There are 2 protein chains.
Amino acid sequence: MNIGQAAKASGVSAKMIRYYEETGLVMHAQRSEKGYRLYSEKDVHTLRFVRRARDLGFTVDRIADLLALWRDTGRQSAEVKQMAIGHVAALRKKITDLEEMAATLEHLADCCAGDHRPDCPILSDIATGAHGPAKSAHRFGALSDKKS
Amino acid sequence: MNIGQAAKASGVSAKMIRYYEETGLVMHAQRSEKGYRLYSEKDVHTLRFVRRARDLGFTVDRIADLLALWRDTGRQSAEVKQMAIGHVAALRKKITDLEEMAATLEHLADCCAGDHRPDCPILSDIATGAHGPAKSAHRFGALSDKKS
DNA sequence: ATTGACCTTGCAATGATTGGAACCTCTATT
DNA sequence: AATAGAGGTTCCAATCATTGCAAGGTCAAT
C-alpha cells in the first residue's frame, strides 16, 4: 500500500512517516518502480506502535529504544519496566509543575474582583512576585497543542 | 546598567532579553555611544514581570497581552481575570492529559514482572493498543525541560 | 599593551509537526 | 487520447522558546 493508506491505517500522518524514516526511527520503506513508498501490514503495525508510544508521551528517542526492545525477543522485561517507570516519573514531575502554576493562578483569580475596576491582584502579583517562583516549565507553547 | 546586570537582576537571560526586544515583547533598550544596551530599574521591573508570567506558563503572546493590560491603568480587572481563568483551564486540560498517560503507563508497569524474562505487557499493549487512545498531547519533548 | 570579561550581530540547532511549492504518477472520466 | 484530480515525490520554511557558537568590538584592570 502507498503512504496515504499506511497513514490512515496507522494514525501517523504521511508527513510524519517520511520524517520518521528520514531520522531513522523506522526502516526505509520499499519503493515501487516509480519511487512510491510501499508499506506492508508489518510496517503499519510498527507505525501504530510508534503512534501509541507517542500518545503515551514518549519522545522519539525513547520510542527508538522501545522499538529496539520490542524487536529484541530476548529482552528482559525489567528494562522495559524501568523505562516506563522513568517516564511516569517525568510525567508526574511535569504534572506537579503545571499544578503549581494552575493553583497559583487560580488563587490569584479568586482574589480578583473581575469587574470594571482596574485594581487587579493578578497583575500586582506578577509584577511584584509575591508568590513563590513557580520553578521551571517554560517552552509551554508546545503544550497548547494544536490537536487539543 | 548593561544587559548582563539586567539579566541577573531580572532572571531573564541576556539572550532572551535580546530576543524579547527583537520580537517586540519589550521596548527597544536605550543604547550607549558604543552600542551597548542600557537598562533602567523600570526596564528590569518589566523583565521581571515577563519572567514571572513565563513561570506561570503563559506564552509570549499572552504575556504581551498581560503587559498591555499592566500598562493600561484604565483596564478592567475582568479582562485580566478572564485571561487567567482561560489559562488555568488550559493548564488543567494539559494536566488531565498527562495524568491519563501516567495512569495508563503506571498500570502497565504494575502488570509487568520486570525481571529477566522477555514477556512484557507494556510492549504488548503499545503494540496492540489495548488501552484507550490517550488522545493528543504530542510534542512532549518540550516538556522534558532542560531546566527541570 | 595585553588580558579577560563583557558586549555586539548573525546564524544554527533543538523537537515534533505542519505547510507549501514544484514536479511526477496514477486512475477515471470525457 | 486527452485531461482532471487525487495522491505521490523532494526540498525548504515556519512554528515556539531557548541555547550555543563564532567573529568581532569595548571596557576594566593589571
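Lettering of chains follows the sequences in order, A, B, ..., and the numbering in each one begins at 1. All values below come from the heavy atoms of this structure, side chains included, with hydrogens, waters and symmetry mates left out. Since the structure is predicted, the reported quantities are computational estimates derived from the model, not experimental observations.
Taking atom CZ of R51(A) as the reference point, atom P of dT17(C) lies 9 Å away to the nearest angstrom. Distance CD (E33(A)) to C1' (dC26(C)): 13 Å, rounded to an integer number of Å. The distance between atom CE of M1(B) and atom C1' of dC27(D), rounded to the nearest whole Å, is 18 Å. As rounded to whole Å, 17 Å separates atom C1' of dC7(C) from atom CD of Q30(B). To the nearest angstrom, C1' of dT18(D) lies 14 Å from CG of L25(B). Spacing between atom CD1 of I17(B) and atom P of dT18(D) amounts to 12 Å, rounded to whole angstrom units. Rounded to an integer number of Å, the gap from N2(B) CG to dT26(D) P is 14 Å. As rounded to whole Å, 13 Å separates atom P of dG7(D) from atom CD1 of I3(A).
Annotation: of the two residues near DNA chain C, Q5(B) and D61(A), the 5′-most nearest-nucleotide partner is Q5(B).
If you check dT19(D), dT10(D), dT18(C) against the side chain of R31(A), the one that comes closest is dT10(D). Nearest to the side chain of V60(B), among dA17(D), dT18(C), dT8(C), sits dA17(D). For K15(A), the listed nucleotide lying nearest its side chain is dG19(C); candidates were dG19(C), dC7(C), dT19(D). Counting only heavy atoms from C-beta on, Y36(B) has its side chain closest to dC6(C) among dC21(D), dC6(C), dT17(C). With dT8(C), dT18(D), dT17(C) as the choices, the nucleotide that has an atom nearest any side-chain atom of M16(B) turns out to be dT18(D).
Remark: R54(A) is not in phosphate contact with dA16(C), judged by side-chain N or O atoms under 4.0 Å from OP1 or OP2. Here R18(A) does not reach the OP1 or OP2 of dG19(C): none of its side-chain N or O atoms lies under 4.0 Å away. Listed pair T59(B) / dC16(D) fails the phosphate criterion, with no side-chain N or O lying under 4.0 Å from OP1 or OP2. R37(A) has a side-chain polar atom (N or O) that falls below the 4.0 Å cut-off from OP1 or OP2 of dT9(D).
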Applying salt bridge (Lys or Arg N to Asp or Glu O under 4.0 Å), run through D115(A) and R117(A) and close with a yes or a no. CA-CA 6 Å; D115(A) 55 18; R117(A) 290 170 299 174; 2.6 Å; yes

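K93(B) and D97(B) get closest at one heavy-atom pair: NZ-OD2, 2.8 Å. Contact between A14(A) and I3(A) at its shortest, heavy atoms only, is O-CD1, 3.6 Å. The shortest heavy-atom contact between L105(A) and H87(B) is CD2-CD2, 3.3 Å.
Ring geometry for F49(B) against W70(B) counts as parallel: the plane angle stays under 30°, on a 0 to 90° scale with 60° as the upper cut.
Heavy atoms of S32(B) sit nowhere under 4.0 angstrom from any nucleic acid atom.
Note on R31(B) versus E21(B): salt bridge recorded, some NZ/NE/NH1/NH2 to OD/OE distance being below 4.0 Å.
For K34(B) against dG24(D), no side-chain N or O and base N or O form a donor-acceptor pair under 3.5 Å. Y19(A) contributes no side-chain N or O that forms a donor-acceptor pair with the base of dG15(C) under 3.5 Å.
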